[in-house]
Amino acid sequence: MTEASLALADAVAQRRTFAIISHPDAGKTTLTEKLLLYAGAIQIAGSVKARKAARHATSDWMEIEKQRGISVASSVMQMEYRGHVVNLLDTPGHQDFSEDTYRVLTAVDAALMVIDAANGVEAQTLRLLEVCRSRGTPIITFVNKMDREVREPIELIDEIERVLGMSCVPFSWPIGMGKSFHGVYDLQADRIRVFQPGEDRVKDDLEVIEGLSDPSLDARFGADMERARHDIDLVQGATPTFSRDEFLAGRQTPVFFGSAINNFGVREVLDALVDIAPQPQARVALQGPVEPDAPKFSGVVFKIQANMDPSHRDRVVFIRVCSGRFERGMRMRIQRTGKEIRPNNVVSFLSQRRELLDEAYAGDIIGIPTHGGIQLGDTLTETADPLQFTGLPFFAPEIFRGIEVVDPLRSKQLRTGLIQLGEEGAIQVFRPVRSSILLLGAVGVLQFDVATHRLKSEYGVEARILHSNYTCARWVTADDAVELERFIDGNAGRVAYDAAEAPAVLTANTYEMKVVQDMWPKIRFHAQREHAGLKLDRAA
């Protein structure tokens, strides 16, 4: 290997890129804050629940997130820890924003699953795990809120294994819970870290007790210590030895216990991400797999966010670097259009804070401010050789609403706002062939609230949401372009074009959709489309 290729391979090996996933209110955004805190990226953590306070969670930057205390957009954060560059993507927990989460999961090499110790495995967690499993994404589990009255840890481990279909390997074990939460036993290092409450800052002076045999532990922690010893013996005898190969294959998950709000158990998770999570992996393209240490730069757009900085009315394209080395000022080709760009203001992120970037490697997330011309799913390359990464999903909406502007003089601003929100994937926007009223398509109703809020706050447009009878949509394609044109003409009353100008047929229910499908056997109907190149699959 040449010196340059060795340097590239070494830089790739230092990268870790992962997403945090969970059901709403499991403490995901709080854990994100505390990981940043332990990595030294921030000095004081904001409180997610303190909605009226001056501080808010670093990863929640949108005004509506601060008002409601929830995450409704994915955030990207880069930090350095133990000589590694860690790219952390915080995802929305609410199921109404699952499409954004699915797309983020295509950009990571591992996932950190947060489980509320009181509630166990919840519906949204299960959905996200199915996405991770379909992609073979390895998962680390953090059982949160042990400082509250919660379920028994053995019961939680059993549920995780039973419901998620993965073997659990506890790396730590709690001693007590709630008001009697005394700390955790580190099964790898054979020592107890004694619990100390405290929210804002890193505690480097945690008391550590070696081993479980010290007789003073019983006097200090009482019956909780005896029960913990019994559970640890049981767990060590019943659970498999940790296998990194099984973990990387998504069949085994290391489990940690702690309290994110109190900064307890967080450092162990961060250490595990560096020690056992995979470095950037090869990415799938139509032309074949692309290795991360391939010499030429390539990247894929997995997220677009408009107005991260409202004062600049900007639009940032988030790119997962898939191979090679990015350098500021280098020429990049947008494969879909063949257009070349040469951005000089490429940035890295700490949520809404940005820093100009001179270089980046596979696994890093970079942002390019732009005024358009780049879409979700676009592949950017250093060379003109054809390349198209795959796997970025768009799902057929299940809920539709019409939208119109309250003040007709603001119609242009409404259309501009909807085009940008549609292109970034915040909501799907459809332009009916035979109607002037645009349609919004969503997975959940909260997406409509966010869309109207953002139209008002970011584009100065007061919009009115209207009822729609549509509940089912399928994108349509055909081998014969004439046949597709004939279908669109014959069904013009229920055909609409999405933000990528892909035609879709909309119906009031699935029965009506089945009738349309039976009438047009040469047309293919798709419940999912992939990317701007319109590779469609999951015919339905």
Does a side chain donor of either D271 or Y81 reach within less than 3.5 Å of an acceptor in the other side chain? yes
Between the side chains of D214 and S216, does any donor sit under 3.5 Å from an acceptor? yes
Determine, for F394 and R103, whether the Lys NZ or Arg CZ falls below 6.0 Å from the six-membered ring centre while staying within 45 degrees of the axis. yes
Between [X] and [Y], is there a side-chain N and carboxylate O pair less than 4.0 Å apart?
X: E122; Y: K28; answer: no
X: D116; Y: R148; answer: no
X: D218; Y: R229; answer: yes

Before giving the answer on salt bridge (charged side-chain N to carboxylate O under 4.0 Å, His left out), spell out for D109 and R320 the whole-Å C-alpha distance, their side-chain angles and the decisive distance to 0.1 Å. CA-CA 11 Å; D109 303 294; R320 151 83 188 219; 3.0 Å; yes
Let me have the donor-acceptor pairs involving side chains of residues 231-238, under 3.5 Å, with sequence neighbours excluded, atom names and distances please.
none

How would you list, by chain and number, every residue that makes a salt bridge (Lys or Arg N to Asp or Glu O under 4.0 Å) with D186, sequence neighbours excluded? R193
Is the ring pair [X]/[Y] parallel, tilted or perpendicular, if the boundaries are 30 and 60 degrees?
X: Y102; Y: F395; result: perpendicular
X: F264; Y: F195; result: perpendicular
X: F256; Y: F171; result: tilted

So ring pair (Phe, Tyr, Trp, His ring centres under 6.0 Å) across residues 217-239, not counting sequence neighbours, yields H182-F221
Only one of R16, H84, Q14, R15 passes side chain to side chain contact (heavy atoms under 4.5 Å, CB included) with Q279, and that residue is R16
Give me the one residue out of V317, L105, V104 that meets side chain to side chain contact (heavy atoms under 4.5 Å, CB included) with F302. V104
Are the side chain of T30 and the backbone N or O of A260 linked by a donor-acceptor pair below 3.5 Å? no
Under a 3.5 Å distance rule, please check whether Q252 uses its side chain to pair with a backbone N or O of V169 as donor and acceptor. no
